[in-house]
Number of protein chains: 2
Amino acid sequence: MDTTFPDLRQYGGADAFLQACKPRTVLDIFTNKWTGLVLGALLDGPRRFNELRRMLDGITQKMLSQTLRTLERDGLIVRTVYPTIPPRVDYELNELGRSVVGVLRSIGEWAGEHADEVIAARQAYDERAKEPVKPV
Amino acid sequence: MDTTFPDLRQYGGADAFLQACKPRTVLDIFTNKWTGLVLGALLDGPRRFNELRRMLDGITQKMLSQTLRTLERDGLIVRTVYPTIPPRVDYELNELGRSVVGVLRSIGEWAGEHADEVIAARQAYDERAKEPVKPV
DNA sequence: CAGTATCCAACTAGATACTG
DNA sequence: CAGTATCTAGTTGGATACTG
């Protein structure tokens, strides 16, 4: 079986759900640790490398570089080099990149609306696990 | 900085985007390899363990077990044990679980609509990388 | 300024074997 | 039937040092 992610538009039962699995690699866009934050940092317009690094305080040079390269390769952002001294490089969302942000927003909305619920469920589950023996 | 995922509802610029970062742990729901498929397999109603294993051909016993436990702990599915011999265990989506599927659907829709675009961008990028020297 | 290169610790997921 | 336990290969991300 191809374990790629399903295209849920075509969902019509579990089988169809599972068969509609083609573009899983594309899903890396959403599973990467920094992708969402980097795209978010670009929402207001073009940013330079170190500018992004400051905005994303906590990201390493390596991860910023890697994330930007991946986003560029995936066609979500545009990298522009100005051959000045010192060099200047701008990163900017393109149309495809902006469309991803829409999806990230719906993920963020769900997380914002239900995070407490999930966290409470986890605590309840862990509490239950503490006392597995039924008191008589 | 807290590198959790932003709640984009509150977005009002990159700063707000970055500051609205609280419930990142909740995002594991979307980044897990099997979560989406398991939730999808439960869309039509309760399923038993080995039933799910057959539907998700390719998943190992360990990963199915682990994924189901995580989903149960997160409060997205309900696990019901029937103390029969042989044992019977049903897994079922609850309301929270069904709401996640909505988000997964929007991810799947984006992926379905733009996968070709992303894949083409990757190929183009890789092609460009092959001939880095500008022919004179 | 805008990156690369290298090493390493932590985590993930698969294969395999065993259990109430 | 419905799992758990263990071992291991592969991947991810961070720290650090260096470069055009």
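Scope of the values below: all heavy atoms of this structure, side chains included, with no hydrogens, waters or symmetry mates. To find a chain, count down the sequence lines: A is the first, B the second, and so on, and within it residues start at 1.
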Taken to the nearest whole Å, CE/B:M63 to P/C:dC11 is 15 Å
Picking from C:dA13, D:dA2, D:dG13, the nucleotide nearest the side-chain atoms of B:V89 would be D:dA2
So side chain to side chain donor-acceptor pair (under 3.5 Å) across residues 71-80 of chain A, not counting sequence neighbours, yields A:R73-B:D126, A:D74-B:R122, A:R79-A:Y91
Value for CG (B:L64) from CD1 (B:I59), rounded to nearest 0.5 Å, stands at 4.5 Å
Rounded to 10°, the helix from C:dC1-D:dG20 to C:dG20-D:dC1 deviates from straight, judged by its five-pair end axes, by 50°
A:P87 has its side chain closest, among D:dG20, D:dA2, C:dA15, to D:dG20
Task: Side-chain N,O (B:R53) to OP1/OP2 (D:dC1) below 4.0 Å - done: no
Between CD of B:Q66 and P of C:dT12 the distance, given in whole Å, is 8 Å
Per atom distances to the A:F49 side chain, the nearest of C:dG3, D:dG13, C:dG14 is C:dG3
Sorted by chain and number, sequence neighbours left out, side-chain hydrogen bond (donor to acceptor under 3.5 Å, both in side chains) with A:Q66 holds for none
Residues A:L56 and A:A41: closest non-hydrogen pair is CD2-CB, 4.3 Å
Here the distance between atom P of D:dG3 and atom CZ of B:R88, to the nearest Å, is 12 Å
From CH2 of A:W34 across to P of D:dT11 the rounded distance in Å is 23 Å
Check your understanding: Touch check for A:Y82, heavy atoms < 4.0 angstrom, all strands: base, sugar-phosphate only, or nothing?
Key -> nothing
To the nearest angstrom, the CZ-P distance between A:R47 and C:dA2 comes to 13 Å
Keeping A:E109 on the side-chain end and A:S106 on the backbone end, is there a donor-acceptor pair under 3.5 Å? no
Of D:dG13, D:dT4, C:dC1, the nucleotide closest to the side chain of A:P86 is C:dC1
Separation of D:dG10 atom C1' from B:K33 atom NZ, nearest Å, is 12 Å
Among C:dG14, D:dC1, C:dA2, the one nearest any side-chain atom of A:N50 is C:dA2
Original post:
Can B:N32 and B:T70 be said to form a side chain to side chain contact (heavy atoms under 4.5 Å, CB included), step by step?
Top reply: CA-CA 10 Å; B:N32 184 278; B:T70 303; over 6 Å; no
Here the distance between atom C1' of D:dA2 and atom CD of B:Q61, to the nearest Å, is 7 Å
Worksheet item: Passes side chain to side chain contact (heavy atoms under 4.5 Å, CB included), A:F30 versus B:I107? Steps please.
Response: CA-CA 8 Å; A:F30 302 98; B:I107 296 175; 3.9 Å; yes
(request) Determine: side-chain N/O of A:R48 to OP1/OP2 of C:dA2, distance under 4.0 Å, yes or no. (result) yes
Apply side chain to side chain contact (heavy atoms under 4.5 Å, CB included) to residues B:D90 and B:R47 and explain how you reach the verdict.
CA-CA 5 Å; B:D90 273 6; B:R47 299 285 179 188; over 6 Å; no
Rounded to whole Å, OH of B:Y91 lies from P of D:dA2 at a distance of 8 Å
query: Phosphate oxygens OP1/OP2 of C:dG3: is one of them under 4.0 Å from a side-chain N or O of A:R79?
result: yes
Side-chain atoms of A:K62 come closest, of C:dT6, D:dA5, C:dG3, to C:dT6
| Reckon B:S65 has a side-chain N or O less than 4.0 Å from the OP1 or OP2 of D:dA2? | no
